[in-house]
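Each remark here refers to the structure printed beneath this line.
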Amino acid sequence: MVATTSITNNAAAYTTSNHLLSSSDRDRQSLLSLLQGSEGLDWSQSHVGWDNADTTGSVCDWEGVSCRVGLADAKDGESAHVVTGINLPNSGLSGTLPSHLGQLVHLQEINLRGNLIRGSIPSEIAMLSELQTLDFTECQLGGTLPQRWASKKLDKMLLGENGIGGNFFHDVTSPHLSSVTEINLEQNQLKGTLNGATIKMMTKLETLSLSQNNISGLLPGKEFGSLSTLKYLYLDSNHLVGSLSSSMAQHSNASLEELWLQDNAFSGTVPASFVRFDKLHDFFIDGNKLTGLPEEICSPNINSDFFEDEVSTKGTSAAEKNYCDYIACPSGSISLEGMHPCTKCPGTSTVARMKNPYIGNKGTSCRDWSQRDILTKFYQGTTKNGPWVKDGNRIIEWTADSENMCEFTGVTCDGHGNVIKIELKNSSLSGTISDSIGFLQFLEELDVSDNELTGFLPSDLRWTDLTKLDISGNRIRGVVPPLLCLMEDLNGNGHENVLHCDRIACPSGSYNSKGRYYAGTKEEKCLPCFDNTPFIGQKSCNLKRDPKSVFGQIMNGSDVVIKSAKGVRDSTIFGIGIALTVLGSSIIFCCALRRGSQQRQKRMRSDEERIMLHHTADVSRRKRQDSVKSKQQNRAKNLNGDVSSSGDSSSSGDSDDVDDEFSMQGNQLVETRYQDVYGYSDQHSAIVPRSSRDEAVDDNSANEHYNRSNFLRDSGSVSSSRSAPLQVTDFIRDQRERSTSKKSPVKRVMKEHIPRAKHAIRTTVATVSNGVRDRASRKSRNSYDMLDTDQYSTIDFGSNVDLEMVGDSLGRKKRQDDEFSNSDSNDSSEKTGKKAAGPRQYSDLLDVPTLE
């Protein structure tokens, strides 16, 4: 209990007040961070110093801890010992690698081999600047391999037999590359390809072991050949393809002693230049797809430790031995290990080699497959997630023994029963493509696109007669085997004597709509993709632009918004997209709302203008009726000889009443229109109620207005009242006042509706001034004055209204009316004994003539 409390307290002290500790106390806390949980407590009890019972002792006395004298401590001014090494191999320690070890800045060696260490390697350990040896072999580490190591003194990196993933070193600027001499990462989960640039930087490398990983792609032979110090290279049990480069054995740098390349997918033949490896004693190439081995390479010095005992026991002389068999069994033969002893396959040598074309063939039986056997292997390899499904229907006939293979779904045969086409696009295939498919030697087309296939593209397809191959839309890794790229006529390859691997499938890190280079009517090249997808033959991309560039960041953000954030990986961009969408919708809605309001106002103005014109005609009609009635009364009195002053007063009174009534109606019209258009009176005290307008426009108003308009247009009758010009001028003045008080909206209204205002003014003035009067009504002209055209031209209408045509018409009518007025005045004076009217006077408001 005391030890547990002490460990807990020390851990708390480290995390909260580490900057207040001396260097020796800080080293103590960093080492104690290796003890985790009850397992750490139990472990500390059995190892000297780790139980932390004596807090005054030096950590240099602890088991597995090594120190050296360091600089003077800044706290006590005395020289202190600093921790330089932790050596606890196979000690039963369990837990994770704490980042606190990064505080041991003088650490040169960490050896925890064979312990139960879980988790990943912290970046703080990779940043130790004096680290020389790192040994975590046979632990249970996972995570990804740190790409950058800060120490320029790093010599050995031993991380084999763990579960470390990620890529082998791709950062060419990592300081450790130029100093490391041994790297062991065998039996991990590394993937990706070997970067020749980083390998070339390892100028002191002597041993590199990457066996039993998932590394794919081509072997950078030229870069390996440039390393003059390289002696041991182990790349067996990966997924490397392509040919072995002759540049691996350069004249001055051919220093390899052991080269393990077995169990990959190398193709072609072994280069004859490998004979320069005169110190080579271990050379394994079995389990590949190589087809030849030069005899010059074969010697008793290579792989001799595998057959020394056999020579002594069986008495076989060296002259009788085929030393090439000790490297790889020849084609047409087989062996359990792919090398001596070798067993020939049945049948003639030609047939055997045709069915078993590779050297170093492993197994217990030779290949002797029928086409049906190959289809069965293909089906078994691609049903990892269950049976195939095509168009919603399960494909089951591939498993039936009695069925004719030429009737299988997706299979097409020629007239001789040979399979020439397999088309299984979008058929739910899952798993890997069997190597055996390459031995359908008559196969011309293979389409397995848009499925869930994984693994690698087999180079065995080079043995077929393929002219079309489509593997796009799957999850196939690695690269296109180079020998497939050399097949002419495959997907149009060899056109204009140019061979493209892109015609087979777009490489990883690229894409297009077909998953491969296409040179049809519209050329489609493979475009770069930055989403780190390791698959070949991709038809889409989630990150089309380089995220490291500013332009790429902007455009990638735009793509995310358009796609509605397929996963909302960037909440900020997604939020901006939502905000822009809402803002755009609001603007569109407001525009639509405003347009609808403008259209409603437009209809209201049109209706009110029509009411104004109809009301003017209605008032004019009533005035004419009153004038005719007055005239008839006067005629009746004249005929009866009963002309008196009372009769004159009555006639004059009627006329005044009519004039007053008409003026009132005209003012009401102005107020009514003003209210309907703008919705308020703007300081006018007399607002006509709705009922007053309803009286003017009654149930029969529509027909009456129509008839009146036709009558006014046909007869050209003129109302001599002052009210019509008054209401038009008031309307214009109100518009001007509205423009002054509210410039922005009213100006737009005036700009849109000024043509209608001009038309209304012209129509009203013409109706008032140009009508033809009945001759009998001239006798009552003394009660009503005509508009003087000379003064009329001075009226301010609030706009540049062209009244030239109206003025000319009024001038002609004035001359005619003067003649009629003179004759009528004389007649009236003689009959009534009244004096003719005096000179006309004009109002200050409208320049309209009035009576004295």
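Residue numbers run from 1 in the order of the sequence given.
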Can you check whether Leu375's main-chain N or O pairs, donor with acceptor, with Trp398's side chain at less than 3.5 Å? no
Distance-minimising heavy-atom pair for Pro175 and Trp149: CD-O, 3.0 Å
When you compare the side chain of Thr133 with that of Asn111, does any pair of heavy atoms fall below 4.5 Å? no
Any donor-acceptor pair under 3.5 Å linking the side chain of Asp502 with the backbone of Cys526? no
Met201 atom CE: more than 12 heavy-atom contacts under 6.0 Å: no
Looking only at the side chains, is there a donor atom on one of Arg148 and Thr173 sitting less than 3.5 Å from an acceptor on the other? yes
Can you list everything that forms a ring pair (Phe, Tyr, Trp, His ring centres under 6.0 Å) with His500? Sequence neighbours excluded, please. Tyr517
Would you please name every residue forming a salt bridge (charged side-chain N to carboxylate O under 4.0 Å, His left out) with Arg118, sequence neighbours left out? none
Aromatic ring pairing His239/Phe456, orientation class (parallel under 30°, perpendicular over 60°, tilted between): parallel
Side-chain heavy-atom pair Ile327, Val270 within 4.5 angstrom cut-off: no
If you measure only the distance, is there a donor-acceptor pair under 3.5 Å linking the side chains of Ser94 and Glu39? yes
With a 4.5 Å limit on heavy-atom distance, are the side chains of Leu244 and Leu219 in contact? yes
Using side-chain heavy atoms (C-beta onward) and a distance below 4.5 Å, is Ser91 in contact with Trp43? yes
Counting only N and O atoms by type, is there a donor-acceptor contact under 3.5 Å from the side chain of Asn213 to the main-chain atoms of Asn188? yes
Is there a donor-acceptor contact under 3.5 Å from the side chain of Asp435 to the main chain of Pro458? no
We want to know whether Tyr358 and Asp460 form a side-chain donor-acceptor pair, criterion being a heavy-atom distance below 3.5 angstrom. yes
Could you work out, with side-chain contact (heavy atoms from CB on, under 4.5 Å) as the rule, every residue matching Thr364, not counting sequence neighbours? Leu336
Leu159 backbone acceptor or donor facing Asn184 side chain under 3.5 Å: no
Where the side chain of Asp450 meets the backbone of Lys425, is there a donor-acceptor pair that is under 3.5 Å apart? no
Does any non-hydrogen side-chain atom of Glu206 lie less than 4.5 Å from one of Glu182? no
Please examine the side chains of Leu429 and Phe378, heavy atoms only from C-beta on, and report whether any two atoms are closer than 4.5 Å. yes
Between the side chain of Asn288 and the main-chain N/O of Gly360, is any donor-acceptor distance below 3.5 Å? no
Flag if over 12 foreign heavy atoms under 6.0 Å of NZ, Lys156: no
Whether Thr269 side chain and Gly292 backbone form a donor-acceptor pair below 3.5 Å: no
Considering only heavy atoms from C-beta outward, does the side chain of Lys289 approach that of Leu483 to under 4.5 Å? no
Near Lys362 NZ, under 6.0 Å, is it more than 12 heavy atoms from other residues, nucleotides or ligands? yes
Could you tell me if the side chain of Leu259 sits less than 4.5 Å from the side chain of Phe224, heavy atoms only? no
